[in-house]
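Notes to accompany the following structure.
Note that the coordinates shown come from a computational prediction; the quantities given were computed from them, not determined experimentally. Numbers restart at 1 for each chain; the letters A, B, ... are given by sequence-line order, proteins then strands.
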Number of protein chains: 2
Amino acid sequence: MKSASRGSTRERILDVAQRLVQTRGYNGFSFHDLAKELGIRTASIHYHFPTKADLGVALLQRYRARFRSELEGISAKGGDPLRRLTQFAGLFERTFKTGNQLCLCGMLSAEVATLPQEVAGEVEHFFEESEGWLADALAAGKKAHKMAFAGSANAQARMFLAVLEGAMVVARGMRRTAYFQGVARDYLAKLKHA
Amino acid sequence: MKSASRGSTRERILDVAQRLVQTRGYNGFSFHDLAKELGIRTASIHYHFPTKADLGVALLQRYRARFRSELEGISAKGGDPLRRLTQFAGLFERTFKTGNQLCLCGMLSAEVATLPQEVAGEVEHFFEESEGWLADALAAGKKAHKMAFAGSANAQARMFLAVLEGAMVVARGMRRTAYFQGVARDYLAKLKHA
DNA sequence: GTCTATAAGATGATAGAC
DNA sequence: GTCTATCATCTTATAGAC
């Protein structure tokens, strides 16, 4: 039984495509790769997604909707701000632990010069939303004296995002799986005790 | 006059290849792209580099040698540790300011699953050397009470490297050129005043 | 050292049968 | 909705002339 054998064909295509983008990049996989893994023909993939750009856009839209939903879930639980940030980092940690996968948008960001314009726009929105959500949590934490940092909540949100994305990239390049977790935890610890 | 018209053909090939990897990725350019920009034929490129893997290895060896030389230059000037770190960040800033280029190894790190094993090994060494150099500067700065941070110099070096690599990735994805500089400066300021 | 010519395979995509 | 068949183009690479 294949790893992505649940759901509609359309969803299964997106499942495999997402994993391949996160491991090999947008330019690192082909319709043939998808077809082979799914046990179908490339023509069937073109039925669901006429072009690779269509597939890319659909992938990003699903990913962003899911990510937004996860952030809403974290916010809804109403834990303290530091816990919310820890859970945000946990999303990235879970991804990296799954076969050293990068954040989908971190990977696409690197390749942005080669992407269809629509896909690049989705990547941009992902980071804007993430930065906004992080800034809210950081501002709340600072106001409640649960965390301390110099400068604006927005500046700190940008730093946190850079730390998480960068830690994934370097951890992968160094082939040191524990690297990501170490950096993420150090950052959160510093935020608490600063 | 082409942008890379100085030096031997071999060097000019490497110049163009490096820029293309840093902007489009290893899987985002072809021998045809190189040939077109250089005004030669793909067969001529194969004369200098029989395979793309050979080109990749040569590119990384040159890049690492140059980077090591720059780090030695910074160390040789013997400024205080914080200044050394600022200059390290300056190397990355200069790269990003040149057409939003990523760190060569940051880009290749994302694509590591698709790279020839030899190239992946070079990427790994790049990060190991960088981490070591940064840890030395951080340890010296802490000892001299010029900077303050919790935990080991190695942990802090990993964090700094993640910040720089991640800031490049996010800045590119958000198409916000100032993002990188902001994050890098905030990090250095915090190191000083912590 | 660079060229022309060429080739095998990969890639993105379409037409039309079932 | 999936298939076979086919396509033009791109990509990496080689042989041999100049």
For residues 85-96 of chain A, tabulate all N or O donor-acceptor pairs below 3.5 Å that involve a side-chain atom, not counting sequence neighbours.
residue	atom	partner	partner atom	Å
A:T86	OG1	A:L82	O	2.8
A:E93	OE2	A:K97	NZ	3.2
A:E93	OE2	A:Q181	NE2	2.4
A:R94	NH2	A:E70	OE1	3.4
A:R94	NH2	A:E70	OE2	3.3
A:T95	OG1	A:L91	O	3.1

Any residue meeting ring pair (Phe, Tyr, Trp, His ring centres under 6.0 Å) with A:H48, in chain and number order, not counting sequence neighbours: none
Using the 3.5 Å cut-off, write out each protein N or O paired with an N or O of nucleotides 8-12 of chain D and the distance between them.
residue	atom	partner	partner atom	Å
D:dT11	OP2	B:S30	OG	3.2
D:dT12	OP1	B:K52	NZ	2.9
D:dT12	OP2	B:F31	N	3.1

Tell me, please, which residues at least two apart from A:A140 pass side chain to side chain contact (heavy atoms under 4.5 Å, CB included). A:P81, A:R84
Residue list, side chain to side chain contact (heavy atoms under 4.5 Å, CB included) with A:S8, at least two apart or on another chain: A:R10, A:E11
Students should find that the nucleotides of DNA chain C closing off the region near chain B, any atom under 4.0 angstrom from a heavy atom, are C:dG1 to C:dT4
Pairs in or reaching into residues 155-166 of chain A: which pass side-chain hydrogen bond (donor to acceptor under 3.5 Å, both in side chains), with residues at least two apart or in two chains? A:E131-A:R158, A:Q156-A:Y187
Pairs under 3.5 angstrom only: tabulate donor-acceptor contacts from the side chains of residues 107-123 of chain B to other protein residues two or more places apart or in another chain.
residue	atom	partner	partner atom	Å
B:S109	OG	A:V169	O	2.7
B:S109	OG	A:G173	N	2.9
B:E111	OE1	B:Y26	N	2.6
B:E111	OE2	B:Y26	N	3.2
B:E111	OE2	B:N27	N	3.1
B:E111	OE2	B:N27	ND2	3.4
B:T114	OG1	B:N27	ND2	2.8
B:T114	OG1	B:E111	O	2.9
B:Q117	OE1	A:R175	NH1	3.0
B:E122	OE1	B:R64	NE	2.9
B:E122	OE1	B:R64	NH2	3.4

Residues forming a ring pair (Phe, Tyr, Trp, His ring centres under 6.0 Å) with A:F49, sequence neighbours excluded: none
Shared hydrophobic cluster for B:L14 and B:L20 (ILVMFWY, side-chain gaps under 4.5 Å): yes
With sequence neighbours left out, what residues match B:D80 under side chain to side chain donor-acceptor pair (under 3.5 Å)? none
For DNA chain D, which residues of residues 113-122 of chain B approach it to below 4.0 angstrom with any heavy atom? none
The salt bridge (Lys or Arg N to Asp or Glu O under 4.0 Å) partners of B:R83 (sequence neighbours excluded) come to none
